[in-house]
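Written below as structure tokens is the structure these notes are about.
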Amino acid sequence: MAKEAPIINALTARLDGKLARQIYSEYQNRLREVTFLLSERDVFISLRREIRTIEILLALSIFNKRVIANFDAAVKFHITVSETGDSSTIRMGGFDLDDSERRKLSSVALSYRSLMKRFQIPEFVMTYETTWEFLQKIQDLKRGTNLGQSESLEDEG
Amino acid sequence: MPSPFKDILQLEAEVRIFINRYKSTVVNSSKRVSDYFEMGCYNDIVKFYREKNYTVAIQNLQKGAYRYKCTTAGLQSNFSYFKIESIGRAEEYEIHHNLAVQSSWDPDIFTTPDISVIKKNCAQVTKHYYDTGKPFSFVANEDLVTFCECKNYAPYPELIFGFVGILNELFYSLTRHSGVTYGTSHIAPSLMISGKPNKQTLRIKQSLENRYQINIIFDLFYSKRVTFSKSRISKLRTL
């Protein structure tokens with residue numbers, strides 16, 4: 001059986017070139033840092049065997065930030081327009097963000113969150129400034145020390 | 001429940017199913033994500049005014065649709081916007097997107113903030129901006145109430161200092177303002193950035209907010225649910 005492409009390639013395949021480059025480039029830069037930190041910093045020793053999980057969560061976190069969060073923003077704006085005015089269509093050049101498009105964007109975001117919840121990955125793990133912080137969060141997740149955050153994940157539904 | 005560590009193969013398989021199921025929506029929408037980001041910021045500002053007891057109404061629908069101005073080009077009269085009216089104070093303003101604003105220093109130069117709140121019915125048109133005489137929409141500086149810039153980036157010093165340049169151009173008076181106010185009607189000029197700050201950019205935010213009546217809002221995706229929530233909106237600086 002042919003080997004499947006890495007998750008990051010699957011996530012970025014056929015996306016708009018600029019967006020795909022942003023996601024791919026951030027992923028590669030972070031992954032280089034991850035590799036360095038795992039090999040050189042003993043504080044992350046417990047994560048050395050989790051590289052596959054780290055790669056997937058890293059790819060998903062960047063996808064979350066650059067795609068899912070923006071889909072959420074569009075959905076919220078569409079709701080504001082629909083509730084405020086007599087229109088449920090937002091015209092952007094030649095494209096109409098209407099009820100049907102909004103449902104599609106919502107489905108992607110909901111399905112993504114449902115996947116995260118199913119695997120007990122709290123949203124806080126997906127936001128970080130430094131790669132070090134990202135690894136710390138992964139480590140906390142693994143250790144199960146983030147009980148408070150897990151509870152808040154339940155609250156977020 | 002499965003774990004991302006113990007059940008890695010299952011996680012990978014389910015992520016691939018997710019990707020394949022939604023590929024066409026994600027691909028088709030991927031060209032518009034930066035517009036969607038700005039929409040989110042625009043929505044937050046509308047929400048701010050709603051929380052401040054303004055009624056909000058959409059104006060200028062085009063053939064039944066809200067026509068969103070994606071770029072700085074185009075006449076403002078061809079695009080939709082929000083009208084806000086203060087309950088009990090009979091004050092009306094408009095929230096526009098990508099509307100050029102006249103400089104506070106020189107009436108012949110303009111810059112276009114992502115979001116601007118202006119006095120009602122004050123968007124103007126001139127034929128003297130372009131050499132070709134093509135009409136150009138703008139608002140006079142004295143009719144600008146406040147503005148916001150939205151940046152879908154990780155914050156870095158030059159990005160933040162660039163905002164002060166716009167502030168200086170559009171709101172010179174605020175660069176000399178030392179007082180800080182909260183709870184009044186209009187949001188202070190704000191820089192809304194999607195990325196998380198590091199130590200240095202946090203220092204810059206603190207320093208600039210000590211000097212100027214502005215908001216610098218970081219980590220928008222994660223924090224805006226907090227920043228623009230009912231309970232926290234009073235923490236934003238206002239004019």
Side-chain angles (χ1 to χ4, degrees), chain A residues 4 7 10-11 13-16 18-20 50 52-53 56-57 59-60 64-67 69-74 76-81 84-87 89-93 95-98 101 104-105 107-108 111-112 115 117-121 123-124 126-130 133 141-142, chain B residues 1-5 7-12 14-16 18-44 46-47 56-59 61-68 70-71 80 82 152 154 194-198 219-222:
Chain A
E4 287 191 287
I7 286 290
L11 278 170
R14 291 169 42 220
L15 292 193
D16 172 61
K18 187 179 167 199
L19 179 66
E50 308 294 353
R52 206 158 165 191
T53 299
I56 293 177
L57 295 186
L60 287 173
N64 176 49
K65 180 175 68 176
R66 296 199 181 266
V67 178
N70 291 313
F71 283 9
D72 279 334
K76 283 178 189 161
F77 186 65
H78 187 273
I79 291 171
T80 298
V81 168
T84 309
D86 300 319
S87 175
T89 300
I90 299 166
R91 188 153 297 144
M92 307 163 63
F95 171 77
D96 283 353
L97 175 57
D98 55 16
E101 287 296 326
K104 287 182 195 169
L105 298 181
S107 297
V108 178
S111 179
Y112 169 83
L115 181 64
K117 191 175 177 185
R118 184 166 143 65
F119 281 87
Q120 306 172 75
I121 305 164
E123 193 177 340
F124 86 101
M126 295 300 178
T127 68
Y128 49 86
E129 196 266 322
T130 61
E133 185 188 353
L141 183 66
K142 190 178 176 195
Chain B
M1 273 203 207
S3 147
F5 300 98
D7 307 293
I8 179 64
L9 291 178
Q10 190 183 343
L11 172 64
E12 188 168 341
E14 292 195 26
V15 170
R16 287 188 193 280
F18 165 80
I19 293 169
N20 292 334
R21 181 173 298 158
Y22 296 104
K23 195 65 179 176
S24 102
T25 300
V26 173
V27 167
N28 291 336
S29 307
S30 62
K31 278 184 185 156
R32 287 181 283 276
V33 290
S34 60
D35 290 326
Y36 290 164
F37 168 74
E38 289 194 9
M39 273 183 181
C41 298
Y42 194 37
N43 197 46
D44 287 336
V46 172
K47 188 177 172 191
V56 175
I58 292 172
Q59 302 290 295
L61 288 179
Q62 302 286 308
K63 294 181 183 167
Y66 184 102
R67 191 162 180 224
Y68 184 82
C70 296
T71 68
S80 308
F82 287 88
N152 195 6
S194 64
K196 278 178 91 76
N198 58 23
D219 197 11
L220 213 50
F221 294 136
Y222 198 56

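Below, read A as the first sequence line, B as the second, and so on, with proteins coming before strands; counting in each chain starts at 1.
Counting all heavy atoms, side chain and backbone alike, A:S87 lies closest to B:A65 at OG-CA, 3.4 Å. The two residues A:L97 and A:M92 make their nearest non-hydrogen contact at CB-SD, 4.4 Å. Contact between A:D96 and A:E101 at its shortest, heavy atoms only, is O-CG, 3.5 Å. The minimum heavy-atom distance linking A:T89 with A:H78 is given by the pair N-NE2, 4.4 Å. B:C41 and B:L220 make their closest contact through SG-CD2, 3.5 Å (heavy atoms, listed as atom of the first residue, atom of the second, distance). Nearest approach of B:S194 to B:N152, heavy atoms of both residues: OG-OD1, 3.0 Å.
Both the backbone and the side chain of A:I90 come within contact range of chain B, each with at least one heavy atom under 4.5 Å from a heavy atom of that chain. If you measure heavy-atom distances from A:Y112 to chain B, the contacts under 4.5 Å come from both the backbone and the side chain. Using a 4.5 Å cut-off between heavy atoms, B:F5 touches chain A through backbone and side chain atoms alike. Looking at A:S107, both its backbone and its side chain come within 4.5 Å of chain B, counting heavy atoms on both sides. Interface remark: A:A59 contributes no atoms to any contact with chain B (heavy atom separation under 4.5 Å). With a 4.5 Å cut-off on non-hydrogen atoms, A:K18 does not touch chain B at all. Looking at A:I7, both its backbone and its side chain come within 4.5 Å of chain B, counting heavy atoms on both sides.
Proximity of B:V26 to A:R14: side-chain heavy atoms (C-beta onward) are nowhere separated by under 4.5 Å.
Counting heavy-atom pairs closer than 4.5 Å to chain A, the top-ranked of the candidates B:K31, B:K63, B:Q59, B:E38 is B:K31. Each of A:Y128, A:F119, A:F71, A:F95 has some count of heavy-atom pairs under 4.5 Å with chain B, and the biggest count is that of A:F119. Ranked by heavy-atom pairs shorter than 4.5 Å toward chain B, the options A:D98, A:T130, A:V81, A:D86 are led by A:V81. Of the residues considered (A:R66, A:R118, A:E50), A:R118 shows the highest number of contacts with chain B, using heavy-atom pairs under 4.5 Å. Options B:Q62, B:Q10, B:E14 differ in how many heavy-atom pairs under 4.5 Å they form with chain A, and the most are formed by B:E14. When the candidates B:D7, B:L11, B:N20 are compared by the number of heavy-atom contacts under 4.5 Å with chain A, B:L11 comes out ahead. Between chain B and the residues A:V67, A:I79, A:L15, the largest count of heavy-atom pairs under 4.5 Å involves A:L15. Ranked by heavy-atom pairs shorter than 4.5 Å toward chain A, the options B:T71, B:V56, B:V33 are led by B:V33. In terms of heavy-atom pairs under 4.5 angstrom with chain A, the leader among B:Y42, B:Y68, B:Y36 is B:Y36. Counting heavy-atom pairs closer than 4.5 Å to chain B, the top-ranked of the candidates A:T80, A:I56, A:V108, A:L19 is A:V108. Of the listed residues B:S80, B:G64, B:S34, the one with more heavy-atom pairs under 4.5 angstrom with chain A than any other is B:G64.
Checking side-chain atoms of A:Q120 against main-chain N and O of B:P4 turns up no donor-acceptor pair under 3.5 Å. A distance-only check finds a donor-acceptor pair linking the side chain of B:K23 to the backbone of A:A13 [under 3.5 Å].
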Q: Please assess A:L60 against A:N64 for the test side chain to side chain contact (heavy atoms under 4.5 Å, CB included), listing each intermediate value before the final yes or no.
A: CA-CA 6 Å; A:L60 287 173; A:N64 176 49; over 6 Å; no
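Annotation: A:F77 is in aromatic contact with B:Y66 [ring centroid separation under 6.0 Å].
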